[in-house]
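Presented below is the structure to which this report refers.
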Amino acid sequence: MTDFRAEVFQNEYLNEGADVVDAVITVTASGGGAGIAAPPSGQERVEVIIIDCSGSMNEEGGLKMRAAREATMAAIDTISDGTLFSIVAGVDGAYALYPQEAGAVARAAADTREAAKSVVSRVRAKGGTAIGTWLSAAAGIFNNVPNSINHCILLTDGKNQSESDRALNDAIAACSGLFQCDARGLGTDWNVDELRRVSNALLGTVDIIPSPSEMEAEFRALTQAAMGKEVGAVALRLWTPQGSKVEFIKQVAPNIDDLTTKGAPVKALTNDYPLGAWSGDESRDYHLRIRIPVGNVGDERLGARVMLTIDGVEQPSALVRAIWTNDEALSTRINREVAHYTGQAELADAIADGLAARDSGDGATATMKLGRAVQLAHEAGNGDTVKLLEKVVEVDDPKTGTVRLKKQVEDADAMALDVRSTRTVRVKKNS
Amino acid sequence: MAQVCPACAEPASEGDWCEACGADLDGAADTALSHASSDPCVSCAAPSTDIAADGYCGSCGHKQPDIRDHLEDDQGWIVMVTDRGKRHHRNEDFGAVAQVGSNSAMVVCDGVSTTDNPEQASLVATTAALDALVESLKSSAEIDGGVDGAGDVAAMQAAVRAGQDAALQVPQVVGGKGSPSCTFVASISRVTDTGVQITVGWLGDSRAYWIDGLGVASQLTTDHSWAYEQVADGLMTAEEANADRRAHTITRWLGDDAHELEPGIAVHHLPTNNPDASPEASPEGSSEGRDTSGRLLLCSDGLWNYADTDEAMTAQLEAQKGDSLLALAQNLVRFALDSGGHDNTTVAIADIPGPESQVPASQEPEPESPEVPESLEVPESPEVPESPEVEDVTSD
């Protein structure tokens, strides 16, 4: 049985007159199995894989399509027995590959896996890219299985050219809360912003697969992680006081994902923020910033009551508190967790701003922002981020953030830095 | 069964509920920390039904005042006042006082804030120790004739043990700060055949003072603190030691079973019928009666932090005196608050001896339950004692 626990890290002391409370909430699931898990009794697990079969997949002498077929077959082999699954081909519309009936699912077993792989091995690329229609097709499949843990892998190699941006946004909105989606872009011709919108709204991840040869391993890893999810609907339930405002609530580890606009009211002063599906053994951090009515010196107020709901059932709560004091030794204390993730958010922003300035030809701003990013990543120990930055800038001194923009930068390197800029490292725990 | 209700400090009735405030006496340690009243939120006036069990208002989030933030127990000639102070967000001190005839028992404990649940440790240790002291006073009151107080050192040791046992029952937090702990200071005053005997026991830096008929304070305890021990061992001057950040680190306390309990215990005898009042204690113009009355004061460091020496305490006793013993205790606490209120502050004071010492023991109708003494006047009979003779400073 998986146990969930929420811990709050904060400096609860506020200076006289202050009204902003920051807290880092660590949510930890434990007691469940790592690796492949059975879904809770009475629940199904549903996996949908959408492969881009647009004409551009024929480029590179058919290498991309061949890699996509092999990666999908590897993913099918990774789907655990009993899981319901469906393979969809994405073009101008979405086409059911296996089972061949639209909206249908098959139960994973040796024979269904073989049948699915047989279909996938023969699929050919031809047509356009309309990601919104692909998501809608996935929603149709998931809607046919009530009470299930739903996960989708979406692969594209190109921009969303065959439908309007609005159609994509509408489709994303309609899918929100129904399933989790990990979106992957193959090569460098896809649009980071489009896939990021998909993954942010659908509580998944986004990443670049720079070359077709890396696809199989990535698909296998994604499917494996999905098979490890054993708790489907976890939500962070926040009670906040009358007159307060949630400035933001965002996941800050393992990656930054803003949840602020995803709150759904459940009763007065109480909102649920969906955290998606969880394995029985993982931990994530969230940063809450809330503005509350000011109290008098000596007053103590609750800034937030933090509860977790598992499939709608409330778990015991943790408290975010505010105590007003005129003792500056107390109110100026820096909370390590809050400071760390404030830095990680600044790092992500510096990368995004630096890349945007670089794209618009503003070398001075790009140098300054990316230099700051190098400095922050170096200080916080984001080794992977430093490596990504080094492909875009020459680092003269990481301590001071002194960098020069590289003249020649691979598109894949710039895109990798962009999509991975929101990956964080966790605060180092003492003791 | 607690002798006083831990939630409201009224003497507890028999039964599971305190008749004064309705607190559950069996689960008193929990109840005392929660919002026990049916009052609306003190901040936004939301109805009491909106206030959660942990005391936070479900509308504005305001933490309702803890019933322990400020408590007073006024028994006329024996009083206790405790206050949260200005800097701490809860009161980890607790104090309780009781009378058995003209004899009194008082306990003050100060929770050690670097441990888990110190506010529970101080509460349960205080009530358990007071229970033990009252039992001892009651059992000896039943003896006809000679009362010599010889058993009071043992009674004090038993009270320390009872306080310790209670503190050890307080739950520790897994991965927390350490065993729930508190300081301890307690007193018994007992009218004997030959006078009044005062027995004081302590662990840590909560103090007891004798206040003579002239209002002069003398500390009866020696702090079990780093600063005191540095000075006692001749390693530092008092000034140097007190300036050190470790000055207030206590060296003995209740709640840790890793160490042998070694309370300081001091016994003081105040003889009756002393016809030769000492000249120093009897300045010109003072009445004979004033010379022979005295008081016993227990306090946490929240008070003496602002009046560290006997001279400073004497000066505050004069400056803060009011028209009643309760007023004196309230004024002393107010003085601590006005001086900064950096710590929880608790003061317990008893007139020594209690007023009924004028009544021969054989005529005492109900020695156990005179909640309102027959006379609230401080006795001025020449038969009451003057300054105590110190027989044994400490068992350290």
Side-chain angles (χ1 to χ4, degrees), chain A residues 3 5 7-9 11-16 19 21 23 26 28 237-246 266-270 288 290-307 314 316-331 429-431, chain B residues 33-35 40-47 49-70 83-92 113-114 116 119 171 173-178 245 248 302 305 333-334 336-345:
Chain A
D3 290 320
R5 181 170 93 243
E7 289 169 280
V8 169
F9 301 91
N11 175 11
E12 62 270 39
Y13 291 100
L14 297 186
N15 198 14
E16 189 170 2
D19 65 349
V21 184
T26 296
T28 306
R237 179 163 291 180
L238 278 189
W239 174 93
T240 54
Q242 191 84 50
S244 66
K245 181 174 186 293
V246 173
V266 286
K267 54 191 170 194
L269 307 175
T270 306
L288 169 67
I290 183 167
R291 200 175 284 279
I292 62 174
V294 180
N296 297 318
V297 169
D299 279 358
E300 176 176 344
R301 255 184 212 168
L302 208 51
R305 200 182 281 279
V306 181
M307 289 159 279
E314 265 184 28
S317 56
L319 306 179
V320 175
R321 302 185 303 153
I323 301 168
W324 283 270
T325 178
N326 48 26
D327 186 345
E328 290 199 359
L330 293 174
S331 60
K429 303 277 182 191
N430 281 341
S431 80
Chain B
L33 303 176
S34 63
H35 185 71
C41 171
V42 297
S43 179
C44 74
T49 48
D50 276 6
I51 293 166
D54 57 10
Y56 294 99
C57 173
S59 180
C60 73
H62 194 93
K63 173 91 165 169
Q64 302 305 300
D66 190 316
I67 200 152
R68 283 175 65 177
D69 283 354
H70 184 93
D83 194 278
R84 187 183 69 173
K86 289 183 170 172
R87 296 297 183 91
H88 289 253
H89 73 282
R90 71 178 170 196
N91 188 359
E92 295 172 354
S113 49
T114 52
D116 296 330
E119 79 292 352
V173 176
V174 177
K177 297 188 279 189
R245 63 182 170 79
H248 276 238
N305 277 337
V333 169
R334 170 57 50 196
L337 291 171
D338 290 346
S339 303
H342 282 80
D343 205 348
N344 309 143
T345 302

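These values consider heavy atoms only, across backbone and side chains, with no hydrogens, waters or symmetry-generated copies. We name chains A, B, ... by the order of the sequence lines, and we start the count at 1 in each one.
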Legend entry - Reported CD-to-CG distance for the pair Gln242(A) and Asp50(B), which is rounded to 0.5 angstrom: 10.0 Å
Legend entry - For the student: nearest non-hydrogen atoms of Arg301(A) and Ser43(B), plus distance: NH2-OG, 3.3 Å
Legend entry - Part of Asn296(A) within contact of chain B (heavy atom distance under 4.5 Å): neither
Inset, instruction - For Arg334(B), look at atom CZ and say whether over 12 heavy atoms of other residues, nucleotides or ligands are found less than 6.0 Å away. - result: no
Legend entry - Heavy-atom pair count under 4.5 Å with chain B, highest-scoring of Val297(A), Thr240(A), Ile292(A), Leu319(A): Leu319(A)
Legend entry - Results of ring pair (Phe, Tyr, Trp, His ring centres under 6.0 Å) for His248(B) - residues two or more places apart only: Trp304(B)
Inset, instruction - With rounding to the nearest 0.5 Å, note down the distance linking CG in Asp327(A) to NE2 in His342(B). - result: 7.0 Å
Legend entry - Nearest atoms (heavy-atom pairs only) where Arg321(A) meets Tyr56(B): CD-OH, 3.1 Å
Legend entry - Residue part contacting chain A, namely of Cys57(B), when any heavy atom lies under 4.5 Å: backbone
Legend entry - Gap separating the CG atom of Leu302(A) from the NZ atom of Lys63(B), nearest 0.5 angstrom: 9.0 Å
Inset, instruction - Identify, with sequence neighbours excluded, every residue that meets salt bridge (charged side-chain N to carboxylate O under 4.0 Å, His left out) alongside Asp116(B). - result: none
Inset, instruction - Verify the neighbour count for atom CD of Glu328(A): are there more than 12 heavy atoms of other residues, nucleotides or ligands below 6.0 Å? - result: no
Legend entry - Option in Gly61(B), Cys44(B), Ala46(B) with maximal non-hydrogen atom pairs under 4.5 Å from chain A: Gly61(B)
Inset, instruction - Enter the distance from Thr325(A):OG1 to Lys86(B):NZ here, rounded to the nearest 0.5 Å. - result: 12.0 Å
